[in-house]
Every structure is written in C-alpha cells, then in structure tokens.
Amino acid sequence: MTTTPARRDPRERRREAAPEVTTVHMTRVPRSSVVTYRDDGVLARGMGLLVAGQLPPLPPAIAGAFVTGVMLLLGVAGADGPAVFAPAVALMLAGPGSSHPHDGRLDWLVPPILRITEYVFIASVGFAWDVPRFLVLALLGAVLFHHYDVVYRCRQHVYPPTWLASAGLGWEGRMLIIAMGALLGIVTAVFVLAALYLSALFCWESVTCWLAAPRSGVEAADLGAQD
C-alpha cells in the first residue's frame with residue numbers, strides 16, 4: 001500500500017528556500033542595499049518622504065554633483081563664496097530620491113556619486129581654509145571607514161542599525177556642518193569636532209556590531225560570497 005506524501009504549505013517551502021539572514025540587535029533587514037549605501041541622514045530621508053518614492057534617484061544625484069562641482073570651481077575660500085551653499089543645493093536635488101527603491105538598471109551609480117560629491121566638498125573646503133591636512137584626512141578617513149564598513153556588512157548580511165545613518169549625520173548633514181563652519185569662520189574647529197565624533201561613533205558601533213554577530217552566520221555568508 002502506497003501513501004501519498006502530505007502537501008506542504010507553500011509558505012513553509014518559501015521560508016526554507018529563503019537565504020539565512022544574520023541580524024544584530026534586532027536590526028531590520030533593509031529593503032535595498034543600494035538605498036543603505038546612500039547613507040542618507042534625517043534631512044535627506046525627510047525630503048524623500050515628500051515625493052513618496054516617485055522621483056528617480058539617478059538624475060537628481062548627477063545634477064547635485066554637477067552643481068556642487070561648479071560652485072566649488074567658482075570659489076570656496078571665502079565665507080561669502082557660492083560653494084558654501086553647495087550642500088543645500090545638493091540636498092534639494094538629491095535628497096528627494098532617497099525614498100526610491102533604487103531598482104533601476106543604473107541606480108547603483110547613485111551611492112558612488114554621493115560619495116564623490118561629499119569627499120570632494122570636504123577636501124576642497126578643508127584645503128581652501130588651510131585646515132591642517134591631518135585633520136582633513138582624519139575626517140575623510142572616518143567617513144571612508146564608515147562607508148566601507150556598511151558595504152561589507154551588507155554583503156555579509158550583518159546589517160547596520162537604522163539609527164546609525166542619523167547619528168552619523170548622513171552625507172548631507174556632514175556637508176552642511178562643514179558649510180556652516182565656513183560661514184561662521186570656524187572651519188578648523190568643526191573639522192576637529194567632526195573627526196573626533198564620527199571616528200568614535202563609527203568605530204565603536206562597528207566593533208560592537210561585529211562582536212555581537214554570530215560567527216557561524218558570518219562564515220556562511222563568506223562562503224556564499226566566494227561561490
């Protein structure tokens with residue numbers, strides 16, 4: 001006598017087929033790694049809510065980078081120079097795209113464009129205002145470490161907490177505080193405070209997150225990435 005195997009719930013089969021995801025401190029799995037790579041702060045995410053994901057992210061990001069570059073070329077050394085307003089312009093242009101799912105063929109270009117915009121602005125203001133080079137490099141190093149850490153963690157399914165981008169001020173927030181320093185004539189002090197704060201924040205959060213991550217989950221993700 002043969003028996004017919006019992007039917008299995010399709011939802012159970014989907015759960016078994018789904019890849020194992022490692023989360024730390026109950027971190028929610030992001031809807032898109034590309035969106036996470038953007039590193040939007042509170043202001044950019046708030047502007048994204050205004051358009052409810054209806055604005056394609058790539059053209060505004062390109063426009064923001066172009067306008068920022070033009071403003072930097074026009075002058076960055078004076079508090080009344082147009083470059084100090086570049087972060088506000090970049091935010092107005094690129095910020096609303098933060099709510100888009102970034103599922104277009106070329107939308108993966110948005111995070112690198114935002115990175116270049118932020119790095120070039122920070123370096124240009126620092127060097128134009130005669131900020132000691134080690135301070136400029138220290139601030140850029142803290143931001144670079146954070147961006148590399150976020151990318152690597154997403155690839156290993158050890159996702160950063162949602163509050164980290166807000167606490168780290170986001171790409172737009174970091175540019176805005178540098179611009180405010182230029183307007184107030186306290187650029188060097190802003191670089192010192194920003195470098196100390198961001199280095200401490202990003203290093204502390206990264207170390208505690210990796211120490212809390214299940215080793216087996218990370219090793220499994222490593223094997224999957226190598227395949």
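FYI, the numbering just counts along the sequence from 1. All values below come from the heavy atoms of this structure, side chains included, with hydrogens, waters and symmetry mates left out.
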Trainee: Whether the Ser166 and Arg45 side chains hold a donor-acceptor pair (N or O, under 3.5 Å, no angle test) is what I'd like checked.
Mentor: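 The answer is yes; a qualifying pair exists.
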
Trainee: Given the side-chain rings of His147 and Phe202, with only the six-membered ring counted for Trp, is the space between their centroids under 6.0 Å?
Mentor: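 No: the rings miss the under 6.0 Å criterion.
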
Trainee: Quick check: do Pro161 and Glu205 have side-chain heavy atoms less than 4.5 Å from each other?
Mentor: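 Pro161 vs Glu205: side chains touch.
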
Trainee: May I ask you to decide if the ring planes of His157 and Tyr159 are parallel, tilted or perpendicular, using 30° and 60° as cut-offs?
Mentor: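 Perpendicular.
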
Trainee: Any donor-acceptor pair under 3.5 Å linking the side chain of Ser206 with the backbone of Cys203?
Mentor: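 Between the backbone of Cys203 and the side chain of Ser206 there is no qualifying donor-acceptor contact (under 3.5 Å).
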
Trainee: Can you measure from OG (Ser33) to CZ (Arg155) and round to the nearest 0.5 angstrom?
Mentor: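 The distance works out to 10.5 Å.
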
Trainee: Looking at CE of Met175 and CG of Leu43, how far apart are the two atoms once the value is rounded to the nearest 0.5 Å?
Mentor: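 Those atoms lie 12.5 Å apart.
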
Trainee: Less than 4.5 Å apart, any side-chain heavy atom of Ile122 and any of Phe191?
Mentor: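 The answer is yes; the side chains approach within 4.5 Å.
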
Trainee: Could you walk me through whether Arg38 and Glu172 pass the salt bridge (Lys or Arg N to Asp or Glu O under 4.0 Å) test, one step at a time?
Mentor: CA-CA 10 Å; Arg38 283 180 58 109; Glu172 79 285 2; over 6 Å; no

Trainee: Is the number of heavy atoms from other residues, nucleotides or ligands within 6.0 Å of CZ (Phe66) greater than 12?
Mentor: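 Atom CZ in Phe66 is not crowded, with 12 or fewer foreign heavy atoms closer than 6.0 Å.
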
Trainee: Give a yes or no on whether the backbone of Tyr37 and the side-chain of Arg115 come within a donor-acceptor separation of less than 3.5 Å.
Mentor: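 Between the backbone of Tyr37 and the side chain of Arg115 there is a qualifying donor-acceptor contact (under 3.5 Å).
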
Trainee: Establish, yes or no, whether a centroid distance under 6.0 Å links the rings of Tyr152 and Trp210.
Mentor: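 Yes, the ring of Tyr152 comes within the 6.0 Å limit of the ring of Trp210, centre to centre.
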
Trainee: Do Val158 and Cys209 touch side chain to side chain, with heavy atoms closer than 4.5 Å?
Mentor: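 Side chain of Val158 against side chain of Cys209, heavy atoms only: contact under 4.5 Å found.
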
Trainee: For Thr188 and Pro132, which heavy atoms make the closest approach, and how far apart are they?
Mentor: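 Result for this residue pair: CG2-CD, 4.2 Å.
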
Trainee: Can you check whether Gly95's main-chain N or O pairs, donor with acceptor, with Ser98's side chain at less than 3.5 Å?
Mentor: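 Yes: the side chain of Ser98 pairs with the backbone of Gly95.
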
Trainee: Linking I/L/V/M/F/W/Y whenever their side-chain heavy atoms sit closer than 4.5 Å, directly or via other members, would Val190 and Trp129 fall into one cluster?
Mentor: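 Cluster IDs for Val190 and Trp129 match.
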
Trainee: Verify the cluster assignment for Val192 and Ile186: are they in a single hydrophobic cluster under the rule of side-chain heavy atoms below 4.5 Å apart?
Mentor: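 Yes, because Val192 and Ile186 connect within a single hydrophobic cluster, where side-chain heavy atoms sit under 4.5 Å apart.
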
Trainee: If you round to the nearest 0.5 Å, how far is CG of Leu140 from CZ of Phe145?
Mentor: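 Spacing of CZ (Phe145) from CG (Leu140) equals 15.0 Å.
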
Trainee: Taking all atoms of both residues into account, what is the closest heavy-atom pair of Gly97 and His102, and its distance?
Mentor: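 Closest pair (atom of Gly97, atom of His102, distance): O-CE1, 3.1 Å.
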
Trainee: Measure the CD-CD1 distance between Glu118 and Ile113 for me, rounded to the nearest 0.5 Å.
Mentor: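 If we round to the nearest 0.5 Å, Glu118:CD and Ile113:CD1 are 14.0 Å apart.
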
Trainee: Transitively linked via ILVMFWY side-chain contacts under 4.5 Å: Ile116 with Leu73?
Mentor: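 No, separate clusters.
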
Trainee: Hey, what else clusters with Leu55 if you join Ile, Leu, Val, Met, Phe, Trp, Tyr whenever side-chain heavy atoms sit under 4.5 Å?
Mentor: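 Direct or chained contacts put Leu55 with Val51.
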
Trainee: Looking only at heavy atoms, what is the nearest atom pair of Thr117 and Ala65, with distance?
Mentor: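 For Thr117 and Ala65, the tightest heavy-atom pair comes out as OG1-CB, 3.2 Å.
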
Trainee: Could you tell me if the side chain of Cys154 sits less than 4.5 Å from the side chain of Pro160, heavy atoms only?
Mentor: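 Yes, their side chains come closer than 4.5 Å.
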
Trainee: Answer yes if Leu139 and Leu144 sit in the same cluster of Ile, Leu, Val, Met, Phe, Trp and Tyr residues linked by side chain heavy atoms under 4.5 Å apart, and no otherwise.
Mentor: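 Shared cluster, yes.
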
Trainee: Compare all side-chain heavy atoms of Thr68 with those of Val120 and state whether any distance is below 4.5 angstrom.
Mentor: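 A side-chain contact is absent here, since even the closest heavy-atom pair is not under 4.5 Å.
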
Trainee: Atom NE2 of His146 and atom CG of Asp39: how far apart are they, to the nearest 0.5 Å?
Mentor: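 Atom-to-atom, His146:NE2 and Asp39:CG are 3.5 Å apart.
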
Trainee: Which is it for Val110 and Trp108 under the side chain to side chain contact (heavy atoms under 4.5 Å, CB included) test, yes or no, and what are the steps along the way?
Mentor: CA-CA 6 Å; Val110 174; Trp108 61 270; over 6 Å; no

Trainee: For a quick test of reading the model, state the closest non-hydrogen atom pair linking Ser99 to Gly48 and the distance between them.
Mentor: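 So the two residues come closest at OG-O, 2.7 Å.
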
Trainee: Between Val143 and Tyr119, what is the shortest heavy-atom contact and its length?
Mentor: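 Closest pair (atom of Val143, atom of Tyr119, distance): CG1-CE2, 3.8 Å.
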
Trainee: Would a hydrophobic clustering, with Ile, Leu, Val, Met, Phe, Trp and Tyr connected at side-chain separations under 4.5 Å, put Leu201 with Val150?
Mentor: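 As far as the 4.5 Å side-chain criterion goes, Val150 and Leu201 are not connected within one cluster.
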
Trainee: How long is the straight-line distance from CD1 of Ile178 back to CZ of Arg174, given to the nearest 0.5 Å?
Mentor: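 Here the interatomic distance stands at 10.0 Å.
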
Trainee: Does Asp107 use its side chain to pair, donor to acceptor, with the backbone of Gly104 at less than 3.5 Å?
Mentor: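 Between the backbone of Gly104 and the side chain of Asp107 there is a qualifying donor-acceptor contact (under 3.5 Å).
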
